[in-house]
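Below is one structure; the comments refer to it alone.
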Amino acid sequence: MSLLTVCRSGATSLLWLFSGLLVTPVIAKANDIVSLDNYFSESWSTVDGLPHNTVNAIAQTPDGYLWFATWEGVARFNGRRFDIFERSAETGLPDSGIRTLTVAKNGDLLVAGSRGGIARVRGQQWQSYPPLGVLINKAIVDSQQRLWLATEGEGVVMQASDGSRRQFTEDNGLPANAAHGLYEDSKGQIWIGTTAGLALVDTNLVLSHQFPEQITSPVFALAANSEQQLLIGTERGLFQLNEQQQLTQLLADVPVATLLPEASGVLWVGTVDRGLLRLYNNSVEQLSIEQGLPNNRVLALLRDKEKSLWVGTNGGVFRLRDAPFTTYTSEQGLADNYVRTVMSDQADCVYVGSSRGLDQVCNGVISNIDLSSHAKGQSVLSLAVGQQQSLWIGTYTDGLLHYAGGKVVAHYNSEDGLAANEVRAILPRPDGSVLVGTSQGLNLIAKGQITTPVAAVALPSPFIMTLHQTDDGRVFIGSGAGVSVWHNDRVTQLDFSVLDQAEYAFGFVEDPAAGILWMTTDRGLVAFDLATEQLALIGRSHGMPFDKLFQLVIDNQQHFWISTNRGVLRLDRQQALDVVYGRRDQINYELFGESDGMASAQTNGGSSPAASLHSDGSVWVATSVGASKVQPARLSAFSAVIPPVVLEKLVADGKQYSPTQPVELAAGTSRVELEYAGLGYIMPQRIQYRTMLEGFEQEWAGRGTQANVQYTNLAPGHYTFNVAASYPDGGWSPAAASISFSIAPHLWQRPVFQLLVILVLLALMIAAVRWRLASLKRSELKLKRQVAEKTAELAALARLDSLTGLANRRAFDEAMQHELKRAKRQQEPLCLALLDIDHFKQVNDNWSHSVGDEVLKRVAATLQQHCRDIDSLARWGGEEFVILLPDTSLALAQEVCDRLRQRVADTCFTDIVPDLTVTLSIGLAMLQDKDDGKQLLIDADRALYQAKSRGRNTVVSHVGTDPEL
């Protein structure tokens, strides 16, 4: 939403609010500045991890971290998590109240606040200084590397690089001892804002007070505009001072708390009680609580490296940023937020049909089309463009309207012969007739007459949701029970039974270049070859995340945009074609939702069209909260930004080390975990990572969005860990974050010890020769040893499954008891997975038990090959296996199990039985605080049951009382 819409009652209220405002408020022209309608707002508070909702200052260090100063410490933000630093031995601060943050030219962060606490942060190292004993309101480092501190009651303190200090107070000319603002101008002079006016310290450290004399009210903020004119934010307004010492008042009677001038000429003004203002080209725009600002007191402003604007308020942090999606809602003028259909007229306008009316969006301007004379509820379900750019409008309860020349020229309903008043699909035809899909069948309107070209009983379902006609005259009818084709007065039904039992057809899009009609269904994306009439499905087995797909749009960059219940998917068209024609097995996708500018990730389907490609290349989608649009061409701008990457933690066997310097680890270190973060804030949840551990790996390993990696049982030696980050389709970090560490060898792994062992072995060989010459006693000892070995082998066999060679149930029970005790003792997560071979009985029944045994052994070998070293795998009985996953979260266990499921599904069994494929259903559960092993098995078994009931070949996790995907 725009910060200020100077129209209707808004202009009057703004003029009243800023009585005496010297800048005339007008709307900035579109070619002067990007409309804030294209920006997305988000906020964070204590609920999200901030230590306190009052944000006094914001800074960004060169490594990319964002820092927020609050009264309960300073919070470091990496896009996903806040790390809090407060009064502690690490920071050396005398109090947690932080008032100001300053980034020095060398990249160090200066932190200051209550009790005069001052600290310097370099990387992850804190260095504190002797406190002043009084609140520090502002700190800056000038061009001569001198530190200036504005205090609440002790004036201004200047500390030189040699450690010497000089103090400016009322005694030597400062207007007041309470100072809030500091600014160094281009001449090296220091301007000071106090509670009694403005002062200046020149390059010779000579103080001038009451300068200019007109400013006697408290000065809270100082800055300079792009022309190096001094901006002075006071309790009574905003002033501008030029080099000729001429003072101009920009805002009157507005208490200014902070300023952020930008090179573009935009000036952001944070006020004490009136929210955020934007001044540009003689225009003023306002953002307040009414428009989503957490609080009207704005204390801090920052433009980050990705061009997002961060606003610190008394109610948390607020951000305005560019986002892929823009959403129009009732706040911008839509008749209602529940949008059912969107349609481009392929010229300048997009029509938006909602549950309360029809809107026309032309070049960002929304106007309502009044249908109340013919549609009582004005609930619009479907749209189509007819001849001469007339508009056909399908409603929920009032039938079909024909709109032309600014009025309804025809109205058809059930009383006129329409099958039902609920119209979900409209298809204008080249001959001027119109096909109408309703909830009770299909109608044809020709020359004002309604007929029924296809009887409802001839269709698998009369509930029609989408229609499409190809150049050869075939009409495709999408319904709640599949797709019918009407051609030459014959109706045929497409066989969806082979497409994972798909039923609902929500939308059609013809792809002339490929000769394919794409169909969005409740089981994925269906491709219908218009020439061969062959069907193919791109579904879950190919990597699609959801079953139900509503509407597909092919953009100008040859990408598919598909609306779903859980966001908008973007697929590569060529990849989709490759899957259809068997050239690849998996398809990649991106999922867009609320964090990308959509007011709701829930889109709407079942009406036509539910998404549309506009003439400017933008894609519009109907959602449950407004109409969202994305300009695909702009996505490359997001990918062009490469987020910096930092290492945050190195943990070895539970002990944390600083990742800023080489680390030496003790001999026997078995587990090394590294956490890292891509410091990007536009799309942090989709930052991709790749890592390489030199000394262990030869190539980069893709980690997806996983922000940590673990290595177990590394050999002694020297290693260097590297990590790089990127946005989807963007470049990788040019400078990877790296850390070196070494694992010391045990005594027996050292060269000297190994030489000693060789010498000992030589001695033993000599002793062995003598031993061979021994008589009966030696033979007797040898025999005893052999008997002992055989006994040990028998004991080991008693713990193994004779068919698969895996641990049997007895061995697993022992391992489980051990891990249960360890997990509870060390408070580590413990997960258990039950795996069952799908339809195994059919293998035995169809091909014999010997074939079944071979399948069991191959599945066991596959699982054993791809299990992690820390996991315990056993045969549970019959076709069931069990895996114990120690020190593993439920999310990570889900990934491990899904990988095992996929490995088994990819395993070749054709040498056993031609065309035989084997899949697994997996139930996963995590140990709860009060659970025992029995309950863990019960939970996993319940989850396994759910996996089978949901179609098999899947992993279901038990969460709380209910298993979930």
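These numbers come from a predicted model, not from an experiment.
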Next item on the list: Decide yes or no on side chain to side chain contact (heavy atoms under 4.5 Å, CB included) for Leu174 and Leu207, but give the supporting numbers first.
Entry: CA-CA 7 Å; Leu174 200 65; Leu207 175 67; 4.2 Å; yes
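- Of the N and O atoms on the side chains of Ser164 and Asp162, at least one donor lies less than 3.5 Å from an acceptor on the other residue.
- In plain terms, the two heavy atoms of Thr329 and Gly626 that are nearest each other are CG2-CA, 4.2 Å.
- To the nearest 0.5 Å, atom CD of residue Glu184 and atom CH2 of residue Trp148 are 9.0 Å apart.
- For the pair Arg278 and Ser283, the minimum side-chain heavy-atom distance is 4.5 Å or more.
- Ion pair Arg686/Asp596 flagged as a salt bridge, since at least one NZ, NE, NH1 or NH2 atom sits closer than 4.0 Å to an Asp/Glu carboxylate oxygen.
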Would you be so kind as to tabulate the donor-acceptor pairs closer than 3.5 Å made by side chains of residues 223-231, with sequence neighbours excluded?
{"from": "Asn225", "atom 1": "OD1", "to": "Glu227", "atom 2": "N", "distance (Å)": "3.0"}
{"from": "Asn225", "atom 1": "OD1", "to": "Gln228", "atom 2": "N", "distance (Å)": "3.1"}
{"from": "Asn225", "atom 1": "OD1", "to": "Gln229", "atom 2": "N", "distance (Å)": "2.8"}
{"from": "Asn225", "atom 1": "ND2", "to": "Gln229", "atom 2": "OE1", "distance (Å)": "3.0"}
{"from": "Asn225", "atom 1": "ND2", "to": "Gln240", "atom 2": "OE1", "distance (Å)": "3.4"}
{"from": "Gln229", "atom 1": "OE1", "to": "Gln240", "atom 2": "NE2", "distance (Å)": "2.9"}

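- A heavy-atom distance below 4.5 Å is not found between the side chains of Val317 and Asp48.
- Of the inter-residue distances, the one linking Gln167 atom CD with Leu132 atom CG reads 8.5 Å to the nearest 0.5 angstrom.
- Other residues, nucleotides and ligands place no more than 12 heavy atoms under 6.0 Å from the CZ atom of Arg122.
- When all heavy atoms of Leu109 and Ala59 are compared, the pair lying nearest together is CD1-CB, 3.9 Å.
- One distance of note links CG of Leu260 with CH2 of Trp268; it measures 8.5 Å at 0.5 Å rounding.
- Here the shortest heavy-atom pairing between Ser45 and Gly315 reads CB-O, 4.2 Å.
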Notebook entry, point to check: After noting the C-alpha distance and the side-chain angles of Ile687 and Tyr727, does the key distance pass the side chain to side chain contact (heavy atoms under 4.5 Å, CB included) rule?
Noted result: CA-CA 5 Å; Ile687 292 178; Tyr727 281 124; 3.6 Å; yes
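- Residues passing the ring pair (Phe, Tyr, Trp, His ring centres under 6.0 Å) test with Tyr657: none are found, sequence neighbours excluded.
- When all heavy atoms of Ile58 and Gly312 are compared, the closest pair comes out as CD1-N, 3.5 Å.
- Legend: ring pair (Phe, Tyr, Trp, His ring centres under 6.0 Å) pairs involving residues 107-126, not counting sequence neighbours, sorted by first then second residue: Phe85-Trp126.
- With values rounded to the nearest 0.5 angstrom, Leu66 atom CG is found 9.5 Å from Lys305 atom NZ.
- Residues meeting the side-chain hydrogen bond (donor to acceptor under 3.5 Å, both in side chains) test with Tyr65, sequence neighbours left out: Glu648.
- Rounding to the nearest 0.5 Å places CD1 of Ile215 at 3.5 Å from CD1 of Ile232.
- Residues Ile190 and Ile140 have side chains in contact (heavy-atom distance under 4.5 Å, counting atoms from C-beta outward).
- Partners of Glu86 under the side-chain contact (heavy atoms from CB on, under 4.5 Å) rule, at least two apart in sequence or in another chain, are Ser96.
- Legend: salt bridge (Lys or Arg N to Asp or Glu O under 4.0 Å) pairs involving residues 127-146, not counting sequence neighbours, sorted by first then second residue: Asp142-Arg146.
- Interatomic distance, Thr248 OG1 to Asn242 CG, rounded to the nearest 0.5 Å: 6.5 Å.
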Margin query: If you apply the rule side chain to side chain contact (heavy atoms under 4.5 Å, CB included), what do you find for Val111 with Thr91, and how did you get there?
Written below: CA-CA 10 Å; Val111 181; Thr91 65; over 6 Å; no
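- Taking a cutoff of 4.0 Å between a charged side-chain nitrogen and a carboxylate oxygen, Glu306 and Arg321 do not qualify as a salt bridge.
- Checking side-chain atoms of Ser733 against main-chain N and O of Pro643 turns up a donor-acceptor pair under 3.5 Å.
- With a 4.5 Å cut-off on side-chain heavy atoms, Val625 and Thr327 do not count as touching.
- Taking the six-membered ring wherever Trp is involved, the centroid distance between the rings of Phe68 and Trp44 does not fall below 6.0 Å.
- Counting only residues at least two apart or on different chains, the side chain to side chain donor-acceptor pair (under 3.5 Å) pairs with a member in residues 293-303 are Glu262-Arg303.
- The closest side-chain heavy-atom distance from Leu334 to Ile366 is below 4.5 Å.
- Looking at Leu279 and Leu238, their side chains come closer than 4.5 Å, going by heavy atoms from C-beta outward.
- Shown here are the side-chain contact (heavy atoms from CB on, under 4.5 Å) partners of Ser43, two or more places apart in sequence or in another chain: Pro294, Phe318.
- For CD of Glu243, the number of neighbouring non-hydrogen atoms (other residues, nucleotides, ligands) closer than 6.0 Å is 12 at most.
- Applying the salt bridge (Lys or Arg N to Asp or Glu O under 4.0 Å) definition to pairs two or more places apart or across chains, those involving residues 91-101 are Asp95-Arg115.
- The minimum heavy-atom distance between Pro94 and Pro131, with the atom names listed, is CG-CB, 4.0 Å.
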Next item on the list: List the steps and the verdict of side chain to side chain contact (heavy atoms under 4.5 Å, CB included) for Glu331 and Gln291.
Entry: CA-CA 9 Å; Glu331 293 184 4; Gln291 290 83 38; over 6 Å; no
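- Contact detail for Ala599 and Ser628: the closest heavy-atom pair is N-OG, 4.4 Å.
- Under the 4.5 Å side-chain criterion, counting only non-hydrogen atoms from C-beta, Glu152 is in contact with His180.
- Atom CZ of Arg319 has more than 12 neighbouring heavy atoms from other residues, nucleotides or ligands inside a 6.0 Å radius.
- Applying the side-chain contact (heavy atoms from CB on, under 4.5 Å) criterion to Pro644, with sequence neighbours excluded, gives Leu679.
- With sequence neighbours excluded, the residues forming a ring pair (Phe, Tyr, Trp, His ring centres under 6.0 Å) with Tyr676 are Tyr689, listed by chain and number.
- For the residue pair Glu290/Ser288, the side-chain donor-acceptor check at 3.5 Å is satisfied.
- Considering only heavy atoms from C-beta on, Asp83 comes within 4.5 Å of Arg81 through its side chain.
- Side-chain atoms of Thr54 and Thr70 include no donor-acceptor pair closer than 3.5 Å.
- In this structure, the side-chain contact (heavy atoms from CB on, under 4.5 Å) partners of Ser658, at least two apart in sequence or on a different chain, are Gln125, Thr660.
- Side chain to side chain, Asp108 and Asn106 meet the donor-acceptor criterion of an N or O pair below 3.5 Å.
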